[in-house]
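Working notes, beginning with the structure itself.
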Amino acid sequence: MAGRFPQRPTRTTVRGGHVAVPAGAAAGIPRQAVAPARVRRWVPKGPLDLGLTLGPLRRGPADPTFRATADGSVWRACRTPAGPGTLRVRAQGGEVLGEAWGPGAAWLLEQLPELLGAGDDPEAFVPRHRLVALARHRRPGLRLTRTGLVLESLIPSVLEQKVTTDEAYRAWRRLVRRFGEPAPGPAGVGERPMWVMPAPRTWALIPSWEWHRAGVDDKRASTILRAVRVAARLEQAVGMPADEARTRLEVVPGVGPWTSAEVVQRSHGAADEVTVGDLHLPGIVGWALAGDREADDAEMLRLLEPYAGQRHRAARLILLSGHVPARRKPKMRRVDIGLL
């Protein structure tokens, strides 16, 4: 029966950063009477898959800051150094059309090539295992995004510390919708408006009971509060090499190697910054490359040594391959502290 039906998205492929971008003709966000403030066309070198490239920026299927619509567009609402902005990206033949709204529109369009992997070098990657080579062959449009923004990746990464992804996604949705602001342009209106995440000062003023209602414990909330107090210093890390940026991030108590790697993979497009301290990744990599489901971080790093300089890309391709060991124990129990 294999091959009769399309592969169903799994938790692993979602973690690998894949978002299905429909190719239909119907739009999913009303155009209203809002004209785009800025437009830019850009021609990528080589194949580009928008869903694969921008997928790691989505925090769950109902992320209020990210949406893939039925007309083949990817929408992104974010807080830029120039203010809130909304970006719509759509592939048209061999080029990409970017439209942007809001005070951050010019900044978003200036960063568009970097966001879509212009600074990435996929040709530098040499597969050393058949499974990795096959995954790369099947996904030629994979590029590593570089957002140029730190806080927008740091806060949801902290929310994902030591909880299930469902809990983290729920907290992100609730806090952004409760304390963020509507996205500029047509994405911010209609039945399902998109939202821009709160400004650093707004995060700092969220009452303790709202963190509790969102299911965020004191440890994660305190880490976010410490981070937003030095938001300007953290955003400066974008201009540093990835390893130095991680060092600066980890100065904030509560931000460790797992969190800093998750951030620079998105903010810097860091091809070699592999995530350590993850509950599942070492076993997945160990199983895919050596049949060892009990692999720890040290063994994972040893197996990824042939991909030095490209270890993050190798790990993503392994996740996207869907080659994972069968589950042998129940999922982590979900505890909603907001109900306590």
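All figures in this text were calculated on a predicted structure; none of them were measured in a lab. Index from 1, following the sequence.
Ion pairing of Arg266 with Glu262 is present here, as a side-chain N (NZ or NE/NH1/NH2) and a carboxylate O approach within less than 4.0 Å. With respect to Asp120 and Arg143, no salt bridge is recorded, no charged nitrogen being found less than 4.0 Å from a carboxylate O. Comment: Glu210 engages Arg213 in a salt bridge, judged by a side-chain N to carboxylate O separation of less than 4.0 angstrom. Contact check on Arg246 versus Asp243 returns no salt bridge, with no Lys/Arg side-chain nitrogen under 4.0 Å from an Asp/Glu carboxylate oxygen. A salt bridge links Arg79 to Glu181: one of the charged nitrogens lies within less than 4.0 Å of a carboxylate oxygen. With respect to Arg302 and Glu299, a salt bridge is recorded, a charged nitrogen being found less than 4.0 Å from a carboxylate O.
To the nearest 0.5 angstrom, Arg229 atom CZ is 5.5 Å from Leu225 atom CG. Rounded to the nearest 0.5 Å, atoms CG (Leu317) and CZ (Arg138) are 12.0 Å apart. Distance check: Glu95 CD to Trp42 CH2 gives 11.5 Å after rounding to the nearest 0.5 Å. Atom NE2 in His137 sits 11.0 Å away from atom CZ in Arg130 (nearest 0.5 Å).
Evaluated for a side-chain contact (heavy atoms from CB on, under 4.5 Å) with Arg76, the options Glu152, Arg67, Arg88 yield exactly one hit, Glu152. The only option from Val255, Leu149, Val264 that meets the side-chain contact (heavy atoms from CB on, under 4.5 Å) definition with Leu154 turns out to be Val255. Checking His129, His312, Arg313, Arg128 one by one against Tyr307, the side-chain hydrogen bond (donor to acceptor under 3.5 Å, both in side chains) holds for a single residue, His129. Tested against Asp63, the residues Trp172, Tyr169, Trp195 include a single side-chain hydrogen bond (donor to acceptor under 3.5 Å, both in side chains) partner, Trp172.
Across every non-hydrogen atom of Val285 and Leu303, the tightest pair is O-CD1, 4.2 Å. The two atoms that bring Pro122 and Arg136 nearest to each other are O-NH2, 3.2 Å, heavy atoms only. Taking all atoms of both residues into account, the shortest heavy-atom contact from Gly309 to Asp272 is N-OD1, 2.7 Å. Closest approach of Ala168 and Glu160 over heavy atoms only: CB-CG, 3.4 Å. Counting all heavy atoms, side chain and backbone alike, Gly104 lies closest to Thr80 at CA-OG1, 3.4 Å.
Side chains of Asp71 and Ser73: a donor on one and an acceptor on the other come within 3.5 Å. Under 3.5 Å, the side chains of Gln92 and Arg41 contain a donor-acceptor pair of N or O atoms. With no hydrogens or angles considered, a side-chain donor-acceptor pair links Thr275 and Gln265 at under 3.5 Å.
For Thr86 (side chain) and Pro184 (main-chain N/O), a donor-acceptor pair under 3.5 Å exists by modelled atom type. Of the possible donor and acceptor atoms, none in the side chain of Thr53 sits under 3.5 Å from a partner among the backbone N and O of Leu116. The backbone N or O of Gly277 lies less than 3.5 Å from a partner atom in the side chain of Asp297, making a donor-acceptor pair. Listed for the Glu235 side chain is a donor-acceptor partner under 3.5 Å among the backbone atoms of Leu151. Side chain of Trp75 to backbone of Thr69: no donor-acceptor contact under 3.5 angstrom is found. Listed for the His268 side chain is a donor-acceptor partner under 3.5 Å among the backbone atoms of Ala237. In this structure, the side chain of Arg293 engages the main chain of Ala326 through a donor-acceptor pair within 3.5 Å.
Side-chain contact between Ile224 and Leu159: present, with at least one pair of heavy atoms (C-beta onward) separated by less than 4.5 Å. Between Arg248 and Gln236 there is a side-chain heavy-atom pair separated by less than 4.5 Å. Side-chain atoms of Leu50 and Val19, non-hydrogen and from C-beta on, never get closer than 4.5 Å to each other.
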Stepwise side-chain contact (heavy atoms from CB on, under 4.5 Å) test for Trp203 and Ile155: CA-CA 10 Å; Trp203 284 109; Ile155 291 175; 3.3 Å; yes
Worked verdict on Arg201 versus Val228 for side-chain contact (heavy atoms from CB on, under 4.5 Å): CA-CA 7 Å; Arg201 177 170 173 77; Val228 297; over 6 Å; no
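The cluster map of Ile, Leu, Val, Met, Phe, Trp and Tyr, joined by side-chain heavy atoms under 4.5 Å apart, puts Leu319 and Leu289 in the same cluster.
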